[in-house]
Structures are given as C-alpha cells and as structure tokens.
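Quick notes on the structure that follows.
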Amino acid sequence: MKQYYKYGIIVSIVCIFIIGIFLLWNKTPKIKLNGDKQIQVLLNQSYEELGATVETFPFHKKYPIKIQGYVDTTKVGDYKIIYQISFHNKKIQKERIVKVREEEKPIIILDGDLKIELCPNHPYVEQGYHANDNYDGDLTDKVVIHKLYDRWIYTVEDSSHNPFVIAREFVYQDTEAPVITLQGPSIFTVYQNESFQEPGYQAMDACDGDLTQDVQIIGTVNTQTIGNYELKYTVTDHFGHTAEETRVVRVIPKPIENGKTIYLTFDDGPSRTITPGILQILREENVKATFFIINHSDSLNYLIQQAYEDGHTIAIHSYTHNYKQIYASEDAFFDDLRQMANKLESITGEKPTITRFPGGSSNTVSRFNPGIMTRLAKALITKGYTYFDWNVGSGDAGGVHSAAEVYHNVTNSLNSHTNVVLMHDYENNYYTLNALRDIIHYGKNNGYTFSNITETTPQIKHRIAN
Ligand code: ZN
C-alpha cells in the first residue's frame with residue numbers, strides 16, 4: 001500500500017513535468033520592437049529601420065522576422081510597419097507607426113485690419129482671410145474661427161499638425177459723424193422778391209444709415225432784403241456725433257435785362273507794354289471793361305489808378321497767382337486775397353469786391369487739396385465778395401499765334417445774352433492788344449452793348465471741379 005502511494009507521487013511529478021514542458025513548448029513567443037512604437041521622421045530625412053527581436057524560450061527555434069510596409073519620407077503621413085513571425089502555423093505580429101512630418105508652420109493672412117470697429121448692433125461681416133502652408137499649399141478651407149471675448153481667433157493646422165493662430169480684435173463703437181450732402185449749389189443765388197426753394201439734402205451715417213429725416217435747418221432766407229443768408233444743416237447720430245453743412249443763399253438785385261452784352265475782362269495785369277494801349281483803345285471806343293489784377297511793381301500802380309478813373313472795374317485776381325501757395329489752405333488763400341484787396345484799396349480808395357479765382361473756379365490745379373474750391377467759393381461769398389468766371393475764351397493765354405486768331409476766338413463764341421470774355425493784359429501780349437479794337441467794332445456792329453462787371457451783372461460761374 002505504501003509502495004503504490006510512492007509510485008503515485010512519482011507519476012504525478014512526471015506528469016506535471018511533461019505538462020510543464022508541453023506548456024512551455026506551446027508558449028507564444030513575443031516580438032519586441034527596437035525603439036519606440038511610434039517614431040517621427042522629418043520630411044526628406046532618411047528613415048532607418050530599427051528592427052525587432054523575438055523573445056523565445058529554450059525549446060524554441062529561432063524565428064525569422066518578416067518586416068512589411070514602407071516609409072516614404074518625401075511625403076507627410078503615418079506609415080505602418082508590420083513585424084511578423086510564424087509560430088505553429090499562426091501569425092504573430094506587431095506594428096510600428098512612423099510619422100513623417102515637416103516643421104514649418106502654416107500662416108494665416110487676414111484681409112482688412114487687425115483691429116476693427118463695429119457699429120453697435122450691426123452684425124460682424126468677416127473681412128476675409130487666407131491660409132497657406134509650405135507643404136500643404138492653400139489651407140484656407142481648414143481655418144477654424146472662434147470668438148474669444150473681444151477677439152476673433154483664427155486657427156489652422158497643417159498636415160504635420162503645426163499650428164498657427166492669429167487674432168483680430170474688434171470694438172463696438174461708432175466714431176464717425178454722419179455726412180450731409182447738399183443737393184444744388186452750396187452758394188445759391190436768388191433774385192430779390194423771388195421765392196427761395198430749398199434744393200434738398202441728404203444725411204447718411206455709417207452706423208445709423210439714412211438720417212435725412214433728422215436734419216435740422218437753422219437760419220432763414222428773407223428774399224425781400226438783399227444780402228447773404230447762411231443756412232446751417234445739422235444732424236446728430238445715435239452716438240452723439242454731429243455733422244454740419246452750410247449753404248449760403250445770396251439775395252441779389254434782379255439784373256437789368258440789357259440783352260446782348262459783352263463784358264471784356266483782362267487778367268494778370270497791369271503791364272507796362274500792354275495795359276496803356278488797352279486803356280487808350282477803351283477810352284477812344286468809350287467802352288468800359290474789368291481788370292482782374294495781380295501784384296506787380298508799384299511803378300505800375302498809376303495804370304490801376306488810371307483804369308479806375310476811366311470807370312473800369314478794378315477787381316481782385318490774386319497777389320501771388322501761385323496755385324501751390326494760394327490753394328494750400330483757406331487761410332493761405334484769404335491772406336493772399338486780402339493783400340491784393342488792400343493794395344487796390346490803397347490805390348483807388350475803394351474796397352474791391354469782385355474777384356476771379358486764378359485758374360477759374362473750375363480749375364483742377366488745386367486738386368492737390370481736395371475740395372478746396374468748394375470751400376473757397378462758399379467762404380468768398382460769406383466774406384462779402386463775388387466771383388466771376390467767363391463764358392467766352394480768347395485763347396490768348398496760350399495757343400494763339402496772331403491777333404486774328406484772338407479776334408475769331410472771341411467773335412465766334414458770342415451768344416445773344418451775357419458774354420464775359422477772358423483776355424489777358426500781361427507783358428507783351430500784343431495779339432490781344434492788336435485784336436481789341438476789331439473785337440469792339442464787331443460787337444458794336446452786331447448790336448452788343450459793352451459793360452464792366454458789377455454786383456448786378458448776371459452770374460457767369462463755372463461748375464466747380466474740386
Ligand atoms: Zn490769371
């Protein structure tokens with residue numbers, strides 16, 4: 001009985017040993033990767049296969065590892081490498097992910113400003129953006145926008161997960177005043193005892209839109225009394241910004257209808273060579289004209305004196321006639337004008353009120369200062385002056401080659417109402433001097449009256465172009 005018990009133990013031990021051997025023999029070998037499970041390789045750099053090893057047991061043979069998969073380092077991407085062995089007709093495998101990446105960040109370029117002002121209660125309208133990457137190219141579609149407090153945050157990632165972030169700040173505020181646009185002229189002329197009709201206006205505001213209904217007009221026009229009336233148009237937007245525009249309404253005496261009239265005007269004089277001859281012809285022909293004078297040597301003052309005594313109109317053209325200087329600002333213009341007015345008053349004893357802008361009110365030489373002519377024309381009237389342009393050109397300031405040409409230019413352009421003829425009496429302008437008597441004769445023979453410009457002369461004004 002004791003023997004059997006002993007054998008039983010031996011058999012059991014042998015059995016356990018055999019089972020142990022069997023289990024070990026059947027134990028699955030392990031593949032162990034050399035290096036990490038995930039590795040990163042820079043674009044266009046070489047990938048070195050690190051391989052793997054197999055953990056085996058004493059009873060196992062050596063297992064060859066089959067490596068499958070490839071890594072294209074010229075293309076960003078995730079590449080899978082498979083390591084495989086066969087064990088009792090079973091496949092055992094392990095994977096490694098090789099990430100090919102580049103390091104340069106993409107960029108987002110915002111259209112519009114980095115800081116923008118938004119009208120309160122107006123929806124934000126995206127100003128636009130585009131994103132680009134050295135590797136992926138256009139990434140605009142991949143941009144993600146979200147709002148963070150007072151900023152829009154634009155984010156994008158390239159295929160290598162390099163991020164780029166940019167912010168656009170916005171503030172809700174209205175900083176702009178409305179704009180009032182006057183319809184009709186800003187200097188409006190109405191004849192005495194005729195009615196004044198408001199030509200209209202419009203007010204627009206960037207945030208509030210059309211504010212025309214809210215415009216208030218301060219001031220009145222009494223067409224029974226001659227004078228200048230200022231109408232002030234004001235409007236205030238919801239945020240307290242006020243706009244103001246003014247219109248000057250001139251109530252002038254109704255001109256006496258004198259039919260076909262020629263107003264000869266001479267600019268840029270007086271001159272030693274031309275003005276005496278012009279004055280002599282005008283005297284002999286008993287014709288009154290208008291001289292728009294600029295500053296010359298005081299030795300020529302006697303010609304101004306003489307013209308005045310002959311009954312011609314002494315008018316202001318400019319002291320310097322220097323466009324860059326006089327159209328630089330309103331102050332510069334009126335400094336120049338006042339200087340000429342003072343000089344003329346000191347010669348004649350009479351304050352001149354008739355003026356002509358150098359280059360005419362329609363000049364474009366002043367465009368270096370946008371809107372200056374519009375402002376000057378209005379301010380001139382407010383200060384009590386009147387300006388005249390012309391509607392008949394003689395071409396004598398350039399382009400003509402004979403007195404006959406001056407004569408034809410003038411006589412061919414005459415109309416049967418008011419004719420303000422532009423001529424010049426600056427030094428050596430002999431074509432004009434030599435054409436003058438023929439022009440006067442033509443006028444007289446064709447039923448024209450000659451007159452000098454006064455406050456009641458029908459307005460001849462160009463359309464202001466600046
Ligand atoms: Zn001139």
Side-chain angles (χ1 to χ4, degrees), residues 174-253 316 326-338 341 353-364 366-389 455 459-466:
D174 178 7
T175 52
E176 271 176 59
V179 174
I180 298 177
T181 310
L182 297 183
Q183 278 139 23
S186 57
I187 303 162
F188 196 95
T189 304
V190 59
Y191 294 136
Q192 191 176 19
N193 296 324
E194 290 187 352
S195 71
F196 166 69
Q197 295 279 333
E198 169 55 46
Y201 48 84
Q202 214 188 18
M204 294 298 288
D205 183 64
C207 285
D208 290 347
D210 194 336
L211 291 178
T212 306
Q213 298 297 322
D214 299 341
V215 173
Q216 289 200 312
I217 305 176
I218 301 157
T220 49
V221 177
N222 177 6
T223 62
Q224 266 144 32
T225 310
I226 287 165
N228 296 328
Y229 298 87
E230 196 175 73
L231 295 179
K232 200 169 270 179
Y233 302 73
T234 67
V235 72
T236 303
D237 69 14
H238 275 79
F239 304 94
H241 305 296
T242 299
E244 198 179 284
E245 264 297 323
T246 56
R247 193 194 310 270
V248 176
V249 180
R250 311 175 62 219
V251 177
I252 62 167
I316 307 164
I326 62 175
Y327 294 139
S329 70
E330 285 166 71
D331 283 349
F333 178 85
F334 284 106
D335 283 349
D336 173 275
L337 183 109
R338 237 172 271 121
T353 58
I354 312 277
T355 69
R356 173 174 284 162
F357 287 110
S361 68
S362 58
N363 79 73
T364 53
S366 62
R367 281 190 178 160
F368 66 89
N369 184 356
I372 183 76
M373 294 315 297
T374 308
R375 296 192 293 276
L376 288 178
K378 207 189 288 181
L380 199 66
I381 302 301
T382 317
K383 290 178 195 291
Y385 297 98
T386 311
Y387 71 90
F388 278 81
D389 289 305
E455 288 285 337
Q459 305 280 307
I460 297 295
K461 283 180 165 61
H462 294 165
R463 181 185 287 269
I464 290 171
N466 175 25

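It should be emphasised that the depicted structure is a prediction, and the values quoted were computed from it without experimental measurement.
- We find that Glu330 and Lys378 are not joined by a salt bridge, their nearest charged nitrogen and carboxylate oxygen being 4.0 Å or further apart.
- Among residues two or more places apart in sequence or in another chain, the side-chain contact (heavy atoms from CB on, under 4.5 Å) test is passed with Thr225 by Asn222, Tyr229.
- The two residues Pro358 and Asn363 make their nearest non-hydrogen contact at O-ND2, 3.8 Å.
- In plain terms, the two heavy atoms of Thr386 and Glu455 that are nearest each other are OG1-OE1, 3.0 Å.
- Under the rule for a ring pair (Phe, Tyr, Trp, His ring centres under 6.0 Å), the partners of Tyr233 that lie at least two apart in sequence or sit in another chain are Tyr201.
- Lys461 is linked by a salt bridge (charged side-chain N to carboxylate O under 4.0 Å, His left out) to nothing, counting only residues two or more places apart in sequence or in another chain.
- Not a single donor-acceptor pair under 3.5 Å links the side chain of Arg250 to the backbone N or O of Asn228.
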Which donor-acceptor pairs under 3.5 Å do the side chains of residues 186-194 make with protein atoms, sequence neighbours left out?
unit_1, atom_1, unit_2, atom_2, d
Gln192, NE2, Gln224, O, 3.0
Glu194, OE2, Lys254, NZ, 3.2

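- Atoms CZ and CG, from Phe334 and Leu376 in turn, are 5.5 Å apart once rounded to the nearest 0.5 Å.
- Annotation: the span from Phe239 atom CZ to Cys207 atom SG amounts to 6.0 Å, rounded to 0.5 Å.
- Using a distance-only test at 3.5 Å, with no hydrogens or angles considered, no donor-acceptor pair links the side chain of Asp210 to the main chain of Met204.
- Expressed to the nearest 0.5 Å, how far NZ of Lys232 lies from CD1 of Ile180 amounts to 11.5 Å.
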task: Evaluate the ring-ring contact (aromatic ring centres under 6.0 Å, His included) criterion for residues Phe368 and Tyr327: first the C-alpha distance (whole Å), next the side-chain angles of each, then the deciding distance (0.1 Å), finally the verdict.
output: CA-CA 8 Å; Phe368 66 89; Tyr327 294 139; 7.4 Å; no
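- For Asp214 (side chain) and Thr236 (main-chain N/O), no donor-acceptor pair under 3.5 Å exists by modelled atom type.
- Here Leu337 contributes atom CG and Thr355 contributes atom OG1; the two are 6.5 Å apart, rounded to the nearest 0.5 Å.
- Of the inter-residue distances, the one linking Asp335 atom CG with Ile326 atom CD1 reads 12.0 Å to the nearest 0.5 angstrom.
- Side-chain N/O atoms of Thr382 and Glu230 include no donor and acceptor closer than 3.5 Å.
- Counting only N and O atoms by type, the side chains of Asp331 and Ser329 include no donor and acceptor under 3.5 Å apart.
- The side-chain contact (heavy atoms from CB on, under 4.5 Å) check on Ala177 picks up His241, with sequence neighbours excluded.
- Of all non-hydrogen atoms in Ala328 and Asn369, the two that sit nearest each other are O-ND2, 2.8 Å.
- In this structure the side chain of Leu231 reaches within 4.5 angstrom of the side chain of Phe196, judged on heavy atoms.
- Partners of Glu176 by side-chain contact (heavy atoms from CB on, under 4.5 Å), not counting sequence neighbours, listed by chain and number: Asp174, Ala206.
- Nearest heavy atom pair, residue Asp208 against residue His238, reads OD2-N, 2.7 Å.
- Between Val235 and Ala203, the shortest heavy-atom distance links the atoms CG1-CB, 4.0 Å.
- Closest heavy-atom contact between Ile316 and Ala341: CD1-CB, 3.7 Å.
- Taking OG1 of Thr234 as the start and CD1 of Ile217 as the end, the distance is 9.5 Å to the nearest 0.5 Å.
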